[in-house]
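So the structure is just underneath, and the comments pick up after that.
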Amino acid sequence: MNKINQTHNPVLLIHGIGDTEAVFRKMQNYLQDKGWSVYALNLVPNNGDVGLDVLAQQVADYINVTFEPEQKLDIVGFSMGGIVSRYYVQRLQGIERVQRFITISSPHYGTVMAYGSWRPGCEQMRPHSNFLKDLNSDAVMLKQLNFTSIWTPYDLMIVPAKSSQMPIGTEVIIPAASHPWMLTDSRSLAAVATALAEPMRNINRNDAQRLSMETGLRGERV
């Protein structure tokens with residue numbers, strides 16, 4: 001079990017569709033060298049055969065058995081993993097445990113590439129899907145966290161690339177030439193470390209929760 005008395009929160013890495021935790025090898029080594037305890041899990045199946053809500057429950061189960069109940073966490077989600085992580089945070093009480101949440105090239109407003117498959121997880125990542133509309137309807141709750149979205153304008157998997165933008169939190173644009181390079185580009189690695197090292201903002205959770213109930217970020221932008 002992970003100990004609570006440490007300088008940094010443990011970091012959990014959540015991979016994208018068709019990937020395994022191995023895609024984070026360079027990032028994991030980079031963060032560990034800088035003092036973080038880094039964890040990753042393999043989502044099964046990883047090909048979209050099940051809904052992202054099902055995968056999010058795997059994240060919840062992993063966290064529950066790996067960490068002490070009082071342990072706060074930071075999450076980095078890549079591509080589909082960012083949406084899976086959002087479901088955990090927004091729908092499975094992850095908001096109570098996660099302090100820093102980083103998404104990298106995640107289709108917050110969908111990607112047209114998801115029209116290439118009728119698998120449930122892919123359908124959920126299509127532009128204007130009911131799944132994404134629901135998550136975006138109260139995305140304002142992410143203001144309770146240190147939330148950062150990192151993306152590249154040259155992404156050919158998240159189409160349009162601006163779908164990785166979010167209207168809240170901190171935005172970091174890394175001009176990496178491709179989707180997978182976002183996990184190995186030195187600028188991206190540095191941006192992740194910077195976001196994970198950022199002190200927690202002084203956020204009034206009651207105000208944020210009230211805004212979450214009263215306000216919807218429905219912006220169907222793509």
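From a predicted model like this one, the values you see are computed outputs, not experimental measurements.
Salt bridge absent: Lys26 and Asp185 never bring a charged side-chain N and a carboxylate O closer than 4.0 Å.
Evaluated for a side chain to side chain contact (heavy atoms under 4.5 Å, CB included) with Tyr39, the options Thr66, Val11, Ile63 yield exactly one hit, Thr66. With Thr170 as reference, Thr148 is the one residue of Thr194, Ile150, Thr148 to meet the side chain to side chain contact (heavy atoms under 4.5 Å, CB included) rule.
Between the side chain of Ser79 and the main chain of Gly16, no donor-acceptor pair closer than 3.5 Å is present. Under a 3.5 Å cut-off, the side chain of Asn46 and the backbone N or O of Ile17 do not form any donor-acceptor pair. Although no hydrogens or angles enter the test, the distance criterion places no donor-acceptor pair under 3.5 Å between the side chain of Ser106 and the main chain of Ser164. Here the side chain of Asp155 pairs no donor or acceptor atom with the backbone of Ser105 at under 3.5 angstrom. Of the possible polar contacts, one joining the Asn64 side chain to the Ala60 backbone as a donor-acceptor pair under 3.5 Å is found. Within the 3.5 Å criterion, the main-chain N or O of Glu21 finds a donor-acceptor partner in the side chain of Asn42. With hydrogens and angles disregarded, a donor-acceptor distance shorter than 3.5 Å links the side chain of Asp74 to the backbone of Arg100. At distances below 3.5 Å, at least one donor-acceptor pair connects side-chain atoms of Ser129 with backbone N or O atoms of Leu132. Thr111 places a side-chain N or O within donor-acceptor distance of the main-chain N or O of Val159, the cut-off being under 3.5 Å.
Atom CD1 of residue Ile158 and atom CE of residue Met182 lie 10.5 Å apart, to the nearest 0.5 angstrom. Rounding to the nearest 0.5 angstrom, the gap separating the CD1 atom in Ile173 from the OG atom in Ser188 is 13.0 Å. In this structure, CG on Asn136 lies 9.5 Å from CG on Leu142, to the nearest 0.5 angstrom. One finds the SG atom of Cys122 at 7.5 Å from the CG atom of Asn47 (value rounded to the nearest 0.5 Å).
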Derivation of the side-chain contact (heavy atoms from CB on, under 4.5 Å) call for Arg25 and Leu183: CA-CA 9 Å; Arg25 197 60 45 81; Leu183 294 182; over 6 Å; no
Apply the test side-chain contact (heavy atoms from CB on, under 4.5 Å) to residues Phe78 and Leu13: give CA-CA distance (whole Å), side-chain angles for both, the deciding distance (0.1 Å), then the verdict. CA-CA 8 Å; Phe78 171 61; Leu13 308 177; over 6 Å; no
Evaluate the side-chain contact (heavy atoms from CB on, under 4.5 Å) criterion for residues Glu171 and Gln165: first the C-alpha distance (whole Å), next the side-chain angles of each, then the deciding distance (0.1 Å), finally the verdict. CA-CA 7 Å; Glu171 176 185 54; Gln165 291 179 293; 2.9 Å; yes
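For the residue pair His108 and Ser163, no side-chain donor N or O sits within less than 3.5 Å of a side-chain acceptor on the partner. Gln90 and Asp138 share a donor-acceptor pair across their side chains, judged by distance under 3.5 Å alone. No hydrogens or angles considered: nothing links the side chains of Asn9 and Arg97 as a donor-acceptor pair under 3.5 Å. In the model, Asp61 has a side-chain atom that pairs as donor or acceptor with a side-chain atom of Gln57 under 3.5 Å.
Grouping the Ile, Leu, Val, Met, Phe, Trp and Tyr side chains by contacts below 4.5 angstrom, directly or via other members, places Val54 with Leu92. By the rule that hydrophobic residues join a cluster once side-chain heavy atoms approach within less than 4.5 Å of another member, Val172 and Phe101 end up as members of separate clusters. Cluster annotation: Val38 is connected to Leu196 through the hydrophobic network of ILVMFWY side chains, with a link wherever side-chain heavy atoms come within less than 4.5 Å. Under the 4.5 Å side-chain heavy-atom criterion for grouping Ile, Leu, Val, Met, Phe, Trp and Tyr, Ile83 is connected to Tyr62 within one hydrophobic cluster. Both Leu43 and Met125 belong to a common hydrophobic cluster when Ile, Leu, Val, Met, Phe, Trp and Tyr are linked at side-chain heavy-atom distances under 4.5 angstrom.
Contact of the Leu156 side chain with the His179 side chain is not registered, since no non-hydrogen atoms from C-beta on lie closer than 4.5 Å. In this structure, the side chains of Met80 and Ile14 stay at 4.5 Å or more apart for every pair of heavy atoms. Contact of the Val50 side chain with the Arg119 side chain is not registered, since no non-hydrogen atoms from C-beta on lie closer than 4.5 Å. Counting heavy atoms from C-beta outward, Ser85 and Val98 have side chains that stay 4.5 Å or more apart. Proximity of Leu12 to Val59: side-chain heavy atoms (C-beta onward) are separated by under 4.5 Å at one or more points. The shortest side-chain heavy-atom distance between Met27 and Ile104 falls under the 4.5 Å cut-off. Inter-residue side-chain proximity for Ile174 and Trp151 is flagged as unmet; no heavy-atom pair is nearer than 4.5 Å. Within the 4.5 Å cutoff, the side chain of Lys133 has no heavy atoms near those of the Tyr109 side chain.
Closest non-hydrogen pair, Ile168 versus Phe147, comes out as O-CD2, 3.8 Å. The heavy-atom pair separating Ser117 from Arg126 by the smallest distance is O-NH2, 2.8 Å. Contact record, Ala139 with Arg86: CB-NH2, 3.5 Å, taken as the closest heavy-atom pair. Closest heavy-atom contact between Leu52 and Gln124: N-OE1, 2.6 Å. Of all the heavy atoms in Met141 and Ile95, the pair that sits closest is O-CD1, 3.7 Å. Nearest heavy-atom pair across Leu55 and Val84 is C-CG1, 3.8 Å.
In this structure, Arg187 forms no cation-pi arrangement with Trp181, as its terminal cationic atom is not both closer than 6.0 Å to the ring centre and no more than 45° off the ring axis.
Taking the six-membered ring for Trp and the full ring otherwise, Tyr87 and Phe131 have centroids separated by under 6.0 Å.
Using cut-offs of 30° and 60° on the angle between ring planes, the pair His8 and Trp36 is parallel.
Atom OH of Tyr115 has more than 12 heavy atoms from other residues, nucleotides or ligands within 6.0 Å. At most 12 heavy atoms of other shown residues, nucleotides or ligands fall within 6.0 angstrom of atom CD in Gln93.
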